[in-house]
Number of protein chains: 2
Amino acid sequence: MTDESTNLRRVILDAARHLLAQDGYKHLSMRKLASAIGYSATTIYLHFDSKDALFHALIDEGMSRLYKALHEVHLEHADDPIMRLRMLCRRYIQFGLDEPEYYEVMFMLHPEHMERYPAAKYRRARRNLDLFAQALEDGVAQGQLSVTDSRVAASSTWASLHGAVSLLIAQRLDVRIAQEEFIQASIDQALYGLLPVKPKNNPLTTI
Amino acid sequence: MTDESTNLRRVILDAARHLLAQDGYKHLSMRKLASAIGYSATTIYLHFDSKDALFHALIDEGMSRLYKALHEVHLEHADDPIMRLRMLCRRYIQFGLDEPEYYEVMFMLHPEHMERYPAAKYRRARRNLDLFAQALEDGVAQGQLSVTDSRVAASSTWASLHGAVSLLIAQRLDVRIAQEEFIQASIDQALYGLLPVKPKNNPLTTI
DNA sequence: TTTTAGTAGTTAACACTGTTAACCAGAGAG
DNA sequence: CTCTCTGGTTAACAGTGTTAACTACTAAAA
């Protein structure tokens with residue numbers, strides 16, 4: 001029935017995520033996925049329109065999980081926007097490292113796959129960015145930060161974090177670089193640029 | 001002969017890059033690539049061990065092109081490390097936007113493909129990072145920047161830029177955000193964190 | 001001049017892939 | 001007792017990366 005049906009959908013998604021983490025994206029085939037859960041390949045198509053649709057479902061789940069994590073931070077540091085911002089950054093990176101399978105499908109898969117990702121669902125993804133923008137605005141309101149456009153600033157902050165997580169997951173960093181030190185440096189570098197006090201004759205303001 | 005042989009190798013690489021830009025990674029097959037240059041599929045295997053090897057060759061080329069671009073900046077602003085740093089950032093982002101096909105194979109393809117990318121060749125990739133580290137060290141020497149470990153700082157700067165380029169190429173940014181404004185904000189945010197003058201009682205220093 | 005070796009390319013085939021069409025067992029309703 | 005729906009199957013299509021075996025052709029050695 002419908003209950004059993006949604007149940008199998010869950011089983012498929014979990015197995016997909018598991019295989020993804022185990023063998024990587026390239027080796028995940030519908031047949032392997034099916035046999036892993038003891039069904040025939042075509043059964044998956046009763047629950048998902050295509051392989052891409054299955055990935056989109058994983059992306060949705062990932063976005064929700066990320067939002068859940070970030071929202072916790074949001075609530076926990078509701079009164080201190082600066083601390084909140086710092087913890088949002090930490091939490092974002094932690095999410096990427098804790099659940100790389102999710103992170104990869106969500107943000108690192110080739111745009112080819114994302115193209116067909118329904119635009120409407122992007123909105124849910126944007127909620128995550130809104131939490132950053134909110135923290136920035138609150139920080140500005142308290143006179144502790146200085147940003148002209150909070151959405152742009154939130155985006156570039158996100159870009160920094162995304163870059164850090166991408167390089168960490170893909171293991172493209174020099175092995176001699178300590179992970180924690182790198183994370184700390186990335187967050188610092190991203191946030192110090194938001195401070196209101198800019199030194200006079202700042203050499204960086206040119207161009 | 002050998003000349004003709006390396007020639008065909010060139011033709012294959014160019015066609016691959018072209019098709020990659022045109023149809024995306026997922027739709028690039030050996031047979032299509034072969035028929036695009038008027039040869040049979042197996043001919044490609046006379047010049048490349050595998051599809052992955054072909055991608056690795058593209059990565060190599062891309063790394064060289066990037067280095068060429070960054071090295072120009074390096075020479076042009078040899079005497080002004082701050083300006084050099086700024087222009088290195090700009091040039092990096094510009095490279096990503098000008099040659100997205102290269103950039104995607106180089107940095108955005110799934111780690112699965114990179115795993116087999118020979119470790120020795122990573123060194124050539126690291127030359128690019130060295131240009132950033134060099135600029136940072138020069139800036140520190142002139143007392144205009146403050147970084148503890150130039151390699152870590154260079155990496156996190158790179159991460160910021162990579163994040164920005166990734167999001168731009170994948171078109172994952174909110175459409176309401178102007179591209180140039182975003183780029184400017186990303187560079188600013190990355191570089192301001194390197195300034196020596198940190199405001200007292202800086203709220204960001206906690207954790 | 002004939003034979004041999006090597007080169008540059010081919011076709012045929014293997015074991016896969018995502019996806020669709022056609023089919024089949026069982027269950028509940030008329 | 002039939003009829004229809006549900007949840008699943010097998011068979012098949014077109015396409016994938018890759019390998020093995022084969023064919024021209026060229027150049028040197030006999």
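Values below: all heavy atoms of this structure, side chains included; hydrogens, waters and symmetry mates excluded. In what follows, chains carry the letters A, B, and so on, assigned in the order in which the sequence lines appear, proteins first and then strands, with residues in each chain numbered from 1.
The CG atom of B/L46 sits 12 Å away from the P atom of C/dT7 (whole-angstrom rounding). Put simply, CG on B/N7 is 12 Å from P on C/dA8, counting in whole angstrom units. Look at CG on A/D23: it is 15 Å from C1' on C/dC16, rounded to the nearest Å. Going from atom CD1 of A/I44 over to atom C1' of C/dT20 covers 15 Å, rounded to whole Å. Between the CG atom of A/L8 and the C1' atom of D/dG7 there is a distance of 9 Å, rounded to whole Å. Distance B/H47 NE2 to C/dT7 C1': 11 Å, rounded to the nearest Å. Atom P of nucleotide C/dT17 and atom CG of A/D52 are separated by 16 Å, given to the nearest angstrom. To the nearest angstrom, P of D/dG7 lies 14 Å from CZ of A/R9.
Aromatic ring pairs are classed by plane angle as parallel below 30°, tilted from 30° to 60° and perpendicular above 60°; the pair A/Y102 and A/F95 is parallel.
Under 3.5 Å, the side chain of A/T42 and the base of C/dT20 form no donor-acceptor pair of N or O atoms.
Under the rule for a side-chain contact (heavy atoms from CB on, under 4.5 Å), the partners of B/T42 that lie at least two apart in sequence or sit in another chain are B/S40. Applying the side-chain contact (heavy atoms from CB on, under 4.5 Å) rule to A/A133 yields the partners A/S150, A/A154; only residues at least two apart in sequence or on another chain are considered. In this structure B/S29 satisfies the side-chain contact (heavy atoms from CB on, under 4.5 Å) test together with B/R31, B/K32, sequence neighbours excluded. With sequence neighbours excluded, the residues forming a side-chain contact (heavy atoms from CB on, under 4.5 Å) with B/E72 are B/K68, listed by chain and number. Remark: A/H74 pairs with A/H71 by the ring pair (Phe, Tyr, Trp, His ring centres under 6.0 Å) rule, at least two apart or across chains. For A/D174, the salt bridge (Lys or Arg N to Asp or Glu O under 4.0 Å) test picks out A/R176, B/R126, with sequence neighbours left out. In terms of the salt bridge (Lys or Arg N to Asp or Glu O under 4.0 Å) criterion, residue partners of B/E99 (sequence neighbours excluded) are, by chain and number, B/R65.
Using a 4.0 Å cut-off, some side-chain N or O of B/T43 falls inside it from OP1 or OP2 of C/dT10. Between B/S40 and C/dG9 there is no side-chain N or O to OP1 or OP2 distance below 4.0 Å.
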Please write out the pairs of protein N or O atoms and N or O atoms of nucleotides 14-17 of chain D separated by less than 3.5 Å, giving the distance to one decimal.
unit_1	atom_1	unit_2	atom_2	d
D/dT16	OP1	B/S29	OG	2.9
D/dG17	OP1	B/M30	N	3.2
D/dG17	OP1	B/K51	NZ	2.9
D/dG17	OP2	B/M30	N	2.8
D/dG17	N7	B/R31	NH1	2.7
D/dG17	O6	B/R31	NH2	2.9

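End-to-end axis angle of the helix from C/dT1-D/dA30 to C/dG30-D/dC1, using five pairs per end and rounding to 10°, comes to 40°.
Sparse packing is recorded around NE2 of A/H18, with 12 or fewer heavy atoms of other residues, nucleotides or ligands lying under 6.0 Å away.
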